Q: 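Before anything else, here's the structure in question.
Start at 1 with the first residue, then count along the sequence. Predicted model, so just to flag it, every value in this text is computed and none were measured.
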Amino acid sequence: MKPENSAWTTLDESFTYVWGLLGRATADRKHPFRTPGLATLGTEGPRVRTVVLREVDRRNYSMYVHTDTRSDKVKEIQANPHISWLFWDPREKLQVRLSGKAQCLTDHRLSHSIWEKASLNYRKSYSPQLPPGTETESLQTGVETYAREGATWEESESWQDNFTVIVCEVEQVEWLLLHPAGHRRAKFNKTEEAWEGRWLVP
């Protein structure tokens with residue numbers, strides 16, 4: 001992508017283009033935006049981890065990921081809903097940062113719908129193993145229990161309590177394009193009426 005492209009010379013077009021890339025990443029497993037960094041605030045300070053972007057709702061400017069209800073990020077979001085995202089495309093030299101408020105949809109029609117459609121192999125990640133991050137005396141792969149082999153679809157139904165969907169309503173978008181011809185940078189803030197964009201010094 002060259003800076004001369006109108007997507008990087010007008011605020012409105014850049015905003016539309018960035019959201020288009022985010023939406024594309026949910027369908028393209030090889031897209032670099034598919035696995036962003038997601039940061040929460042823990043008791044010892046900021047914590048960031050790589051997640052899989054599952055869905056982008058352009059109409060409501062919301063982002064969705066799946067996770068274990070027993071994970072630290074769920075506890076951290078429940079204590080402080082403000083989270084941040086970091087996306088990097090090494091081919092385009094494009095960085096996108098998002099921030100907003102998140103909530104965990106555990107016992108919710110959306111999480112129930114996703115769980116019903118999930119394969120048995122996918123459900124194994126949420127089997128009754130030790131909670132993510134638990135210290136152990138030996139190597140653990142996460143599927144040491146009967147979930148690895150022999151688990152039935154009926155048995156997996158009870159694992160849904162360990163599954164949740166994190167949804168984040170984005171309130172700020174900032175992109176930075178690096179290019180020898182000149183870097184570009186802009187930031188957008190969501191207001192009650194619309195999004196307001198501003199150019200920034202790269």
Q: Answer with yes or no whether the hydrophobic clustering places Val51 together with Phe33; edges join I, L, V, M, F, W, Y residues whose side-chain heavy atoms lie under 4.5 Å apart.
A: yes

Q: For a side-chain contact (heavy atoms from CB on, under 4.5 Å) check, start with the C-alpha distance between Lys73 and Thr67, then their side-chain angles and the critical distance, and finish with the verdict.
A: CA-CA 9 Å; Lys73 57 180 169 292; Thr67 195; 2.9 Å; yes

Q: Compare every heavy atom of Leu98 with every heavy atom of Met63, then report the nearest pair and how far apart it is.
A: CE-CD1, 3.6 Å

Q: Suppose we screen for ring-ring contact (aromatic ring centres under 6.0 Å, His included). Which residues come up paired with Tyr64, at least two apart in sequence or across chains?
A: none

Q: Would you say Ile114 ends up clustered with Val52 if hydrophobic residues are merged whenever their side chains have heavy atoms under 4.5 Å apart, either directly or through other cluster members?
A: no

Q: Please list, one pair per line, the donor and acceptor atoms closer than 3.5 Å that link side chains of residues 190-202 to other protein atoms, with sequence neighbours excluded.
A:
{"from": "Lys190", "atom 1": "NZ", "to": "Glu169", "atom 2": "OE2", "distance (Å)": "3.1"}
{"from": "Thr191", "atom 1": "OG1", "to": "Glu193", "atom 2": "N", "distance (Å)": "3.3"}
{"from": "Thr191", "atom 1": "OG1", "to": "Ala194", "atom 2": "N", "distance (Å)": "3.0"}
{"from": "Thr191", "atom 1": "OG1", "to": "Ala194", "atom 2": "O", "distance (Å)": "2.6"}

Q: Which pair of non-hydrogen atoms, one from His66 and one from Tyr122, has the smallest distance, and what is that distance?
A: ND1-OH, 2.8 Å

Q: For residues 53-62, please give each side-chain donor-acceptor pair under 3.5 Å, one per line with the distance, not counting sequence neighbours.
A:
{"from": "Asp57", "atom 1": "OD1", "to": "Arg59", "atom 2": "N", "distance (Å)": "3.1"}
{"from": "Asp57", "atom 1": "OD1", "to": "Asn60", "atom 2": "N", "distance (Å)": "3.3"}
{"from": "Asp57", "atom 1": "OD2", "to": "Asn60", "atom 2": "ND2", "distance (Å)": "2.8"}
{"from": "Ser62", "atom 1": "OG", "to": "Asn60", "atom 2": "O", "distance (Å)": "3.3"}

Q: Can you check whether Asp161 reaches Thr69 side chain to side chain, under 4.5 Å on heavy atoms?
A: no

Q: Considering residues at least two apart in sequence or located in another chain, which fulfil the side chain to side chain donor-acceptor pair (under 3.5 Å) criterion with Gln95?
A: none

Q: Hey, mind stepping through Val74 and Ser71 against side-chain contact (heavy atoms from CB on, under 4.5 Å) and telling me if it holds?
A: CA-CA 6 Å; Val74 169; Ser71 65; 3.4 Å; yes

Q: Within the structure provided, determine whether Phe188 and Leu11 are in side-chain contact (heavy-atom separation under 4.5 Å).
A: yes

Q: How long is the gap from OG on Ser99 to CG on Asn189, to the nearest 0.5 Å?
A: 8.0 Å

Q: Does the gap between the ring centers of Trp175 and Trp8 come in under 6.0 Å?
A: yes

Q: So which atom in Ile166 and which in Ala102 form the shortest heavy-atom distance, rounded to 0.1 Å?
A: CG2-CB, 4.1 Å

Q: Same cluster or not: Trp19 versus Trp88, using hydrophobic residues (I, L, V, M, F, W, Y) connected whenever any side-chain heavy atoms lie under 4.5 Å apart?
A: no

Q: Say you draw a straight line from CG of Leu94 to CZ of Arg184; how long is it, rounded to the nearest 0.5 Å?
A: 13.0 Å

Q: For the CG atom of Leu176 and the NZ atom of Lys187, what is their distance to the nearest 0.5 Å?
A: 13.0 Å

Q: Do the rings of Phe163 and Tyr126 sit parallel, tilted or perpendicular, given the 30° and 60° boundaries?
A: perpendicular

Q: Between Leu105 and His108, what is the shortest heavy-atom contact and its length?
A: CB-CB, 3.8 Å

Q: Scan residues 95-120 for pairs that pass salt bridge (charged side-chain N to carboxylate O under 4.0 Å, His left out), counting only residues two or more places apart or in two chains.
A: Arg97-Glu174

Q: Might you point out which heavy atoms bring Leu178 and His183 nearest each other, and give the distance in Å?
A: CA-ND1, 3.4 Å

Q: How long is the straight-line distance from CD of Gln160 back to OG1 of Thr106, given to the nearest 0.5 Å?
A: 10.0 Å

Q: Sub-3.5 Å donor-acceptor pair from the side chain of Ser113 to the main-chain atoms of Leu110, do we have one?
A: no

Q: Between Val65 and Trp85, does the side-chain contact (heavy atoms from CB on, under 4.5 Å) criterion hold? Intermediate values first, please.
A: CA-CA 12 Å; Val65 299; Trp85 307 71; 3.7 Å; yes

Q: At what distance, to the nearest 0.5 angstrom, does OG of Ser127 lie from CG of Leu120?
A: 10.0 Å

Q: I need the single residue from His82, Lys75, Arg49 that forms a side-chain hydrogen bond (donor to acceptor under 3.5 Å, both in side chains) with Thr40. Which is it?
A: Arg49

Q: Can you list every pair that meets salt bridge (charged side-chain N to carboxylate O under 4.0 Å, His left out) and has a residue in residues 17-30, with sequence neighbours left out?
A: none

Q: Ser125 and Asp68: which non-hydrogen atoms are nearest, and at how many Å?
A: O-OD2, 4.3 Å

Q: Working to the nearest 0.5 Å, report the span between CD1 of Ile77 and CG of Leu41.
A: 11.5 Å

